[in-house]
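As structure tokens, the structure follows; a few thoughts come after it.
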Amino acid sequence: VYTLNILIHCFCCLGCVDFGFSIMGKLLKLGFHLDSVPFATLIDCLFKEHKFVQATELFNKMKEKGYQPNVAAYNTILNGLCKKHEFAQALQLFNEMVEKGCEPSLVTYNTIINGLCKVGKTSDAFKLLKEIEQRGCEPDAVTYNTIIGKLCKDELVVEATELCIEMVYKGISPTIVTSNSLIQGLCNLGEWNKASTLLEEMEGCNMAPTIFTFNILVNAHCKHGNILKALHLVEHMIQRGIEPDVVTYSSLMDGYCLRDQMNEARNVLDIMVRNGCKPNVHSYNILFSGYLKNRRMTEAKKLLDDMYSKGLSPDVITYNTFLYILCQLGSLTAAEELFKSMSSHGHSPDIITYSTLLHGFCQQGFLDEALSLFDALQKTSVKPNLVFYNILVDGLCKAGRREDASKLLSHLSTEGLQPS
RNA sequence: CUACUCCUAUUACUCCCCA
């Protein structure tokens with residue numbers, strides 16, 4: 001059984017969950033007693049493939065069959081829920097595990113802190129950090145890195161640095177992840193010199209930059225329009241024996257797309273293929289969006305065909321991108337049709353899908369359609385966010401329906417959202 | 001050396017910038 005658990009894990013890593021499932025099925029049929037490992041392995045894999053429903057189902061099935069999940073199994077599903085921004089559900093599960101006498105571990109707390117950061121409740125994450133210490137549980141580098149990373153993303157590098165000092169004071173050594181987060185924060189603020197200084201300090205501490213470090217730098221330069229600098233960095237990383245990966249190339253493509261240099265962007269795709277790096281849906285989405293924003297429809301279409309021929313299929317982001325352009329072109333009928341066809345192709349609309357279409361309606365003054373889309377949204381499990389409400393409130397105001405807008409604003413706070 | 005937590009790329013509103 002031990003060996004077969006390893007095999008299940010291998011299949012999961014290779015993207016063959018089904019094989020993993022059949023192994024576990026056989027083991028169950030043969031009457032072997034299984035522990036939490038194969039279940040947790042498969043649940044984790046399903047989450048990573050964004051098969052949320054199946055993951056939750058498996059977890060429930062596991063409990064129905066009388067298996068008591070251990071901490072790691074709970075952690076797995078907690079993490080999946082947090083990543084999906086289903087924090088309320090995660091908390092419910094946390095309470096369940098405590099009730100069942102399953103003692104939360106440091107990983108559990110780290111997972112929840114990460115969840116809090118993801119939904120923007122950074123101050124609650126800080127509170128939990130203090131609480132962990134009071135419960136006699138020592139936070140580790142991951143705990144600190146999680147919060148430092150969030151602060152850096154919010155461009156609060158000063159606060160992040162303070163927290164870094166605190167961790168050192170507590171005897172916890174910063175890791176390469178800590179440094180990478182800080183570098184990203186500094187780059188986003190345009191503090192290139194400080195980022196370079198930090199890089200030099202890392203070298204002095206025998207902390208070697210990883211592909212993450214380089215990708216962060218390459219992406220930052222691309223976003224700031226300095227592709228030349230990004231290309232130099234790529235050369236530099238190759239010299240240091242780190243091969244660019246799909247993320248590196250995607251950053252470069254996006255850099256060119258942002259400057260409307262579509263031919264150069266397309267050229268990067270060809271180069272990456274030539275270098276033996278396989279593009280994924282993400283890479284194609286970048287180019288697809290670039291072509292559409294430049295109204296190069298024929299090339300966009302060709303790109304999609306190319307993508308299909310590589311055995312890749314569009315995802316919800318591909319659809320959203322196309323939906324956005326249809327709205328921009330004023331083809332609302334086509335947009336609505338695309339919206340309806342999504343579900344039949346197995347792609348559930350997400351909040352960005354709804355927001356995009358909503359924006360299209362509002363721009364053309366179709367407020368009734370906008371409001372009925374809002375109704376439709378409320379019948380789904382998709383939760384409206386602040387951007388969605390901004391679009392709707394803005395649309396109502398511009399149409400002179402201020403009472404409706406303020407009604408919506410008061411509805412906002414009942415949902416626990418803070419208007420901006 | 002069987003599973004769980006931290007860092008990198010794509011899509012929506014506003015703002016900003018540029019024109």
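A note on names: the letters A, B, ... follow the listed sequences, proteins ahead of strands, and every chain is numbered from 1.
The side chain of A:Asn79 contributes an N or O atom lying less than 4.0 Å from OP1 or OP2 of B:U5. Between A:Tyr389 and the phosphate of B:U14, there is no side-chain N or O to OP1/OP2 separation shorter than 4.0 Å. In this model, the phosphate group of B:C13 is not approached by any side-chain N or O of A:Lys398 to a distance below 4.0 Å at OP1 or OP2. Taking only side-chain nitrogens and oxygens, A:Tyr2 comes nearer than 4.0 Å to OP1 or OP2 of B:U2. Within the 4.0 Å cut-off from OP1 or OP2 of B:U10, at least one side-chain nitrogen or oxygen of A:Lys223 is found. Distances shown here put every side-chain N or O of A:Asn320 at or beyond 4.0 Å from the OP1 or OP2 atom of B:A12. Close to B:C7, at under 4.0 Å from its OP1 or OP2, lies no side-chain N or O of A:Lys150. Distances shorter than 4.0 Å separate some side-chain N or O of A:Lys83 from OP1 or OP2 on B:C6. Remark: A:Lys118 is not in phosphate contact with B:U5, judged by side-chain N or O atoms under 4.0 Å from OP1 or OP2.
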Please output the side-chain donor-acceptor pairs of residues 1-22 of chain A that fall under 3.5 Å, not counting sequence neighbours, one pair per line with the distance.
from: A:Ser22; atom 1: OG; to: A:Phe19; atom 2: O; distance (Å): 2.9

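Counting any heavy atom pair closer than 4.0 Å across all strands shown, A:Ile317 reaches a base atom. Residue A:Asn219 is in sugar-phosphate contact alone, with no base atom involved, counting any heavy-atom pair closer than 4.0 Å across all strands shown. When heavy atoms are screened at a 4.0 angstrom cut-off, A:Asn70 is found touching base atoms of the nucleic acid. The residue A:Asp315 sits apart from the nucleic acid: no heavy atom pair falls under 4.0 Å. Residue contacts shown for A:Ile391 are limited to sugar-phosphate atoms, with no base heavy atom under 4.0 Å away. A:Thr146 comes within 4.0 angstrom of the backbone, heavy atoms only, and of no base. Note on A:Thr356: only backbone sugar-phosphate atoms sit closer than 4.0 angstrom, heavy atoms only; bases stay farther off.
In this structure, CG of A:Leu258 is placed 14 Å from C1' of B:C18, rounded to the nearest angstrom. Atom CE of A:Met253 is separated from atom C1' of B:U10 by 9 Å (rounded to the nearest Å). Here B:C4 presents its C1' atom at 12 Å from CE of A:Met62, a figure rounded to the nearest Å. As rounded to whole Å, 12 Å separates atom C1' of B:U10 from atom CE of A:Met262. Atom CD1 of A:Ile113 and atom P of B:U5 are 15 Å apart (whole Å). Rounded to whole Å, atom P of B:U5 lies 5 Å from atom NZ of A:Lys48. Whole-Å rounding puts the A:Tyr319 OH to B:U10 P distance at 22 Å. The CG atom of A:Asn114 sits 15 Å away from the P atom of B:C4 (whole-angstrom rounding).
With hydrogens and angles ignored, no donor-acceptor pair closer than 3.5 Å exists between the side chain of A:Asn75 and the base of B:A3. The base of B:A9 lies close enough to the side chain of A:Asn280 for a donor and an acceptor atom to sit less than 3.5 Å apart. Below the 3.5 angstrom threshold, one finds a donor paired with an acceptor across the side chain of A:Ser250 and the base of B:A9.
Using a 4.5 Å cut-off on side-chain heavy atoms (C-beta onward), A:Phe126 and A:Leu163 make contact.
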Go through it in stages, so that I can follow the logic: the residues are A:Thr213 and A:Asn180, the test is side chain to side chain donor-acceptor pair (under 3.5 Å), and I'd like the CA-CA distance, side-chain angles, deciding distance and then a yes or no. CA-CA 6 Å; A:Thr213 321; A:Asn180 288 343; 2.8 Å; yes

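When each of B:C6, B:A12, B:U8 is scored by its nearest atom to the side-chain atoms of A:Gln184, the top-ranked nucleotide is B:U8. Nearest nucleotide to the A:His359 side chain, out of B:A12, B:U11, B:U8: B:A12. Among the nucleotides B:C13, B:C7, B:U2, the one closest to the side chain of A:Val37 is B:U2. For A:Val177, the side-chain atoms get nearest to B:C7 when compared with the rest of B:A9, B:C7, B:A3.
Stacking between A:Phe212 and B:U8 is absent: the ring centroid is not both under 5.5 Å from the six-membered base ring centre and under 30° in plane angle. B:A9 has A:His282 stacked on its base ring, the centres lying under 5.5 angstrom apart and the planes within 30 degrees of parallel.
Remark: the backbone N or O of A:Asn285 is not paired with any side-chain donor or acceptor of A:Ser289 at under 3.5 angstrom. A donor-acceptor contact shorter than 3.5 Å is absent between the side chain of A:Asp254 and the backbone of A:Ser250.
With respect to A:Glu133 and A:Lys170, a salt bridge is recorded, a charged nitrogen being found less than 4.0 Å from a carboxylate O.
Ring planes of A:Tyr74 and A:Phe59: perpendicular class, angle over 60° (limits at 30 and 60°).
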